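Here the structure is a predicted model, which is why all the values come from computation and not from measurement.
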Amino acid sequence: VEQAEEALRFHGFATCRARHHRIGTEAAPKGWLCRIEVPDAEIPRLVELRASVVPALKRLGYANVTIDLDPTTAASFVHSTNAVAFSVDHASTITNSGNFSLTGGGTGTARGAVLLGATNDNQLTNTASGIISTTGAFNDGMAANGSGNTLTNNGRITTAGPNAYGMTAAWGQTNSGQLNNTIVNTGSVSTSGSNARAASILGGSGLINNSGTLSTTGSGTPAAYMQG
């Protein structure tokens, strides 16, 4: 823990805290998970530095990363500066209970997202108090770009722009051939703009489980889309 906090201070986070938790059981350990805590005002800078902070922590032996965004957290991001607001790589989690937005626009091969699982086996959750909103083309709410990911929305997601998806795995139409991704919605997902989708899965053995509201406005905008 002390080394993790020292790594954070090295990156300029004078006020910080690191906690670690065992993954698996004592009899069958699967490594350690590092949970980072920084002041709300420092979250945008942590996002900007994640490409160097996360590897620094993994060099200490942590196998997984958890990002917990509590109800008091809120921030706005611009695609040209931070196309992805929060991301994890492999077998990690993001839980959002705050209010985050992404503006600007991208392209089909340079999408944006508020929450992203970059590869496999990630768990992304937008809780009942979580609010995710995007404006601009190709800016998605929750996205995953590998196999075995689970995206769960219990709160509110809105996108406004062409080709912008509320929840998507694999990410948009840019990464085909993925398997076993799951989208669960008990909250509300609404999109507006041509070719937008509320929930989209590209790849085999996918599942969309909806007991909430999926709504779309615009031409060529299915509420739920599956291809694989």
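Results of the side-chain contact (heavy atoms from CB on, under 4.5 Å) test with V88 over I67, L115, L116 single out I67 as the only residue that passes. For the side chain to side chain donor-acceptor pair (under 3.5 Å) test with N185, the passing option among N209, T152, N153 is N153; the others fail.
In this structure, CD1 in I157 is found 12.5 Å from OG1 in T213, a value given to the nearest 0.5 Å. For the atom pair OG1 of T134 and CG of L102, the computed distance is 6.0 Å after rounding to the nearest 0.5 Å. With rounding to the nearest 0.5 Å, the separation of CZ in R156 from CG in N99 is 7.5 Å. Remark: I183 CD1 to L151 CG distance equals 6.0 Å, nearest 0.5 Å. Rounded to the nearest 0.5 Å, atoms OG (S52) and CZ (F10) are 8.5 Å apart. Put simply, CG on N122 and CG on L124 are 6.5 Å apart, with the number rounded to the nearest 0.5 Å.
Counting only heavy atoms from C-beta outward, the side chains of F138 and H79 never approach each other to under 4.5 Å. Between H90 and D121 the shortest side-chain heavy-atom distance falls below 4.5 Å. The shortest distance between side-chain heavy atoms of L49 and F13 falls below 4.5 Å. Contact annotation: the side chain of N180 approaches that of S205 to within less than 4.5 Å [non-hydrogen atoms, C-beta and beyond]. Between R111 and D140 the shortest side-chain heavy-atom distance falls below 4.5 Å. Counting only heavy atoms from C-beta outward, the side chains of L8 and V53 approach each other to under 4.5 Å.
The minimum heavy-atom distance between N149 and N181, with the atom names listed, is N-OD1, 2.9 Å. Counting all heavy atoms, side chain and backbone alike, S133 lies closest to V114 at O-CG2, 4.3 Å. G206 approaches M226 most closely through the heavy-atom pair O-CE, 3.2 Å. A164 approaches A196 most closely through the heavy-atom pair O-CB, 3.2 Å. Among all heavy-atom pairs drawn from A18 and C34, the shortest one is CB-SG, 4.4 Å. The two residues V38 and I36 make their nearest non-hydrogen contact at CG1-CG2, 4.0 Å.
Between the side chain of N139 and the backbone N or O of T159 there is no donor-acceptor pair closer than 3.5 Å. The closest donor-acceptor contact from the side chain of T216 to the backbone of T221 lies under 3.5 Å. Proximity of a side-chain donor or acceptor of T217 to a complementary backbone N or O of S192 within less than 3.5 Å is not detected. Under the 3.5 Å distance criterion, the side-chain polar atoms of N96 are left unmatched by any main-chain donor or acceptor of G130. Side chain of Q123 to main chain of T93: no donor-acceptor pair is present (N/O by atom type, distance under 3.5 Å, no hydrogens or angles). Distance alone, capped at 3.5 Å, places no donor-acceptor pair between the N82 side chain and the V84 backbone.
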Checklist line | Chi angles and distances behind the side-chain contact (heavy atoms from CB on, under 4.5 Å) call for K58, D89 | finding: CA-CA 12 Å; K58 286 193 171 184; D89 184 31; 4.2 Å; yes

Next item on the list: Could you please spell out the steps behind the side chain to side chain donor-acceptor pair (under 3.5 Å) verdict for N154 and T186?
Entry: CA-CA 5 Å; N154 302 316; T186 68; 2.6 Å; yes

Next item on the list: Quick one: do T150 and T182 satisfy side chain to side chain donor-acceptor pair (under 3.5 Å)? Show the steps, please.
Entry: CA-CA 5 Å; T150 299; T182 299; 4.5 Å; no

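By the criterion of side-chain heavy atoms lying less than 4.5 angstrom apart, applied directly or through intervening Ile, Leu, Val, Met, Phe, Trp or Tyr residues, F77 is grouped together with L46 in one hydrophobic cluster. By the criterion of side-chain heavy atoms lying less than 4.5 angstrom apart, applied directly or through intervening Ile, Leu, Val, Met, Phe, Trp or Tyr residues, I208 is grouped together with M167 in one hydrophobic cluster.
Using modelled atom types and a 3.5 Å distance limit, the side chains of S101 and S76 yield a donor-acceptor pair.
H20 and W32 have tilted rings, their planes meeting at an angle from 30° to 60° on a 0 to 90° scale.
Taking the six-membered ring wherever Trp is involved, the centroid distance between the rings of Y225 and Y165 does not fall below 6.0 Å.
A 6.0 Å sphere centred on CZ of R17 holds no more than 12 heavy atoms belonging to other residues, nucleotides or ligands.
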